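Everything quoted here is computed from the prediction, not taken from an experiment. So you know, we letter chains A, B, ... as the sequences are listed, proteins then strands, and number each from 1.
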Amino acid sequence: MGTDSVESNDTVHLNLEFGGGLEILFGSIKCHSVDIPLNSGSEKLKMEHLLVWVRDNLLQERPEFFMKEKSVRPGVLVLINDCDWELCERLNATLENNDTVVFISTLHGG
Amino acid sequence: MDEIVSEIGRKNNCTFCGVFRRQALDRGAVMLGANKLVTGHNADDMAETILLNLLRGDIARLSRCTSIITGEEGALPRCKPFKYTYEKEIVMYAYFKKLDYFSTECIYSPNAYRGFAREFIKDLEALRPRAILDIIKSGESFRISLDVKMPEQGVCERCGYISSQKWCKACVLLDGLNRGLPRLGLNRTRTSKKSSSVNEDGYCGENKDHHVRPGKLRGNVPRSSLDF
């Protein structure tokens, strides 16, 4: 699937989705269309940077429900273009323009 | 549940909810003419339950909780077909098949003991995913020492349903609520020699050693060791 837009040098456009109750932390909005600025000097956006960006810029409450140390809280599933991130290097996976990243929480008390 | 919690406070909520919910399922199923009850307990639930029972020393439950079918001798056997299915698999399946997925969390769950077991197991799974299946395997392999006194199954005097005590757990809890004695039927570690099991799965009549005699209590008087 080719990209529609020319990738700009300093941002990566992504489609983020939050499910399984996680959307509550993001203003109850499930889908977010975002542009992530690349760190100066780095050519590619990695998942670990995306997580930090999401926590610092998109998350509205209770960061401990989304992240634990450098990764997502155990119990949160991550899909990169419908593929389990466990199969693509997890935090080290690189993200391309117009990729879709889905975060689904499996943690439902009760 | 909100009414119950306003009576009993924020602790032991799972006990009440679990017992009454199980009772409602049992009664409702019979009313519908069902002869089997199937629940959606998954591998993560199983591992949590085994760990919880281990932590509480609830040997009776520990011996039963890994059975995929329970209550076969009764009118409504129960089964857990997803016993070996990881919660992750189920969530992925629901996502890709675009199934209606309810993810509302019980508002009282942050105070639940099970939450600690769940957190621990999630950390274990992150390090070694097989751990969940291995915990289940360990639980299935437990054999109970003959020295342990196990409860005998009878019937509840009040409602006639299966119970290991004079009154089943649901009747004890309900009686406590109705008489303004919110602590009735719950753990009292000081007064009994072996602590009784706090019921979380809703299994009727699980009060192991601690037999409650409702008639001898004196209302909302602070409990002392002389009460029993």
Side-chain angles (χ1 to χ4, degrees), chain A residues 1 14-32 47-48 51 59-93 99-110, chain B residues 1 5 10 13-18 21 40-45 47-48 82 85-132 200-202:
Chain A
M1 190 175 97
L14 297 174
N15 302 303
L16 305 179
E17 282 180 38
F18 300 95
L22 214 47
E23 62 270 28
I24 294 173
L25 309 180
F26 296 91
S28 297
I29 298 170
K30 288 195 160 186
C31 300
H32 297 252
M47 269 306 297
E48 63 180 322
L51 290 184
L59 191 73
Q60 293 185 14
E61 53 182 283
R62 295 183 284 179
E64 68 278 9
F65 274 55
F66 177 63
M67 275 179 79
K68 182 168 174 170
E69 287 161 33
K70 289 183 78 177
S71 185
V72 290
R73 184 185 180 194
V76 175
L77 306 180
V78 183
L79 299 170
I80 302 172
N81 298 326
D82 275 357
C83 175
D84 187 351
W85 78 332
E86 301 276 350
L87 303 171
C88 4
E89 297 179 81
R90 289 172 49 99
L91 288 172
N92 258 325
D99 275 354
T100 300
V101 182
V102 181
F103 299 92
I104 311 173
S105 174
T106 65
L107 302 160
H108 320 115
Chain B
M1 230 3 245
V5 174
R10 290 258 164 172
N13 299 158
C14 294
T15 303
F16 284 81
C17 180
R21 197 154 30 97
H41 292 96
N42 57 43
D44 295 47
D45 295 326
E48 283 163 27
F82 290 128
T85 316
Y86 278 50
E87 194 162 37
K88 172 173 175 169
E89 294 178 89
I90 294 172
V91 174
M92 289 281 212
Y93 183 85
Y95 173 74
F96 284 114
K97 293 285 193 177
K98 303 194 194 320
L99 303 179
D100 271 338
Y101 187 72
F102 297 100
S103 56
T104 329
E105 184 177 73
C106 167
I107 52 175
Y108 303 113
S109 60
N111 303 312
Y113 192 43
R114 181 174 282 263
F116 297 101
R118 174 168 289 150
E119 179 103 16
F120 181 52
I121 281 171
K122 279 297 158 192
D123 285 337
L124 287 175
E125 188 194 7
L127 291 170
R128 193 175 150 270
R130 220 198 130 84
I132 290 179
E200 194 178 307
D201 309 329

Would you call A:Lys68 and B:Lys122 a side-chain contact if the rule is heavy atoms closer than 4.5 Å?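 They are not in side-chain contact.
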Mark yes when over 12 heavy atoms from residues, nucleotides or ligands other than [X] sit less than 6.0 Å from its [atom1]; otherwise mark no.
{"X": "B:Phe82", "atom1": "CZ", "value": "no"}
{"X": "B:Arg130", "atom1": "CZ", "value": "no"}
{"X": "B:Tyr101", "atom1": "OH", "value": "yes"}

For chain A, which candidate among B:Glu87, B:Glu119, B:Lys88 shows the most heavy-atom pairs at distances under 4.5 Å? B:Lys88
Counting heavy-atom pairs under 4.5 Å to chain A, which of B:Ile107, B:Ile121, B:Asp123, B:Asn13 comes out on top? B:Asp123
So what's closer than 4.5 Å to chain A heavy atoms on B:Glu125: side chain, backbone, both or neither?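 Neither part.
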Under a 4.5 Å heavy-atom cut-off, does chain A meet the side chain of B:Tyr95, its backbone, both or neither? side chain
Shortest non-hydrogen contact between A:Leu79 and B:Phe96, atoms and distance: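 Heavy atoms only, the tightest pair is CD1-CZ, 4.1 Å.
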About how many Å separate CD1 of A:Ile104 and CE of B:Met92, when rounded to the nearest 0.5 Å?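 B:Met92 atom CE to A:Ile104 atom CD1 measures 6.5 Å (nearest 0.5 Å).
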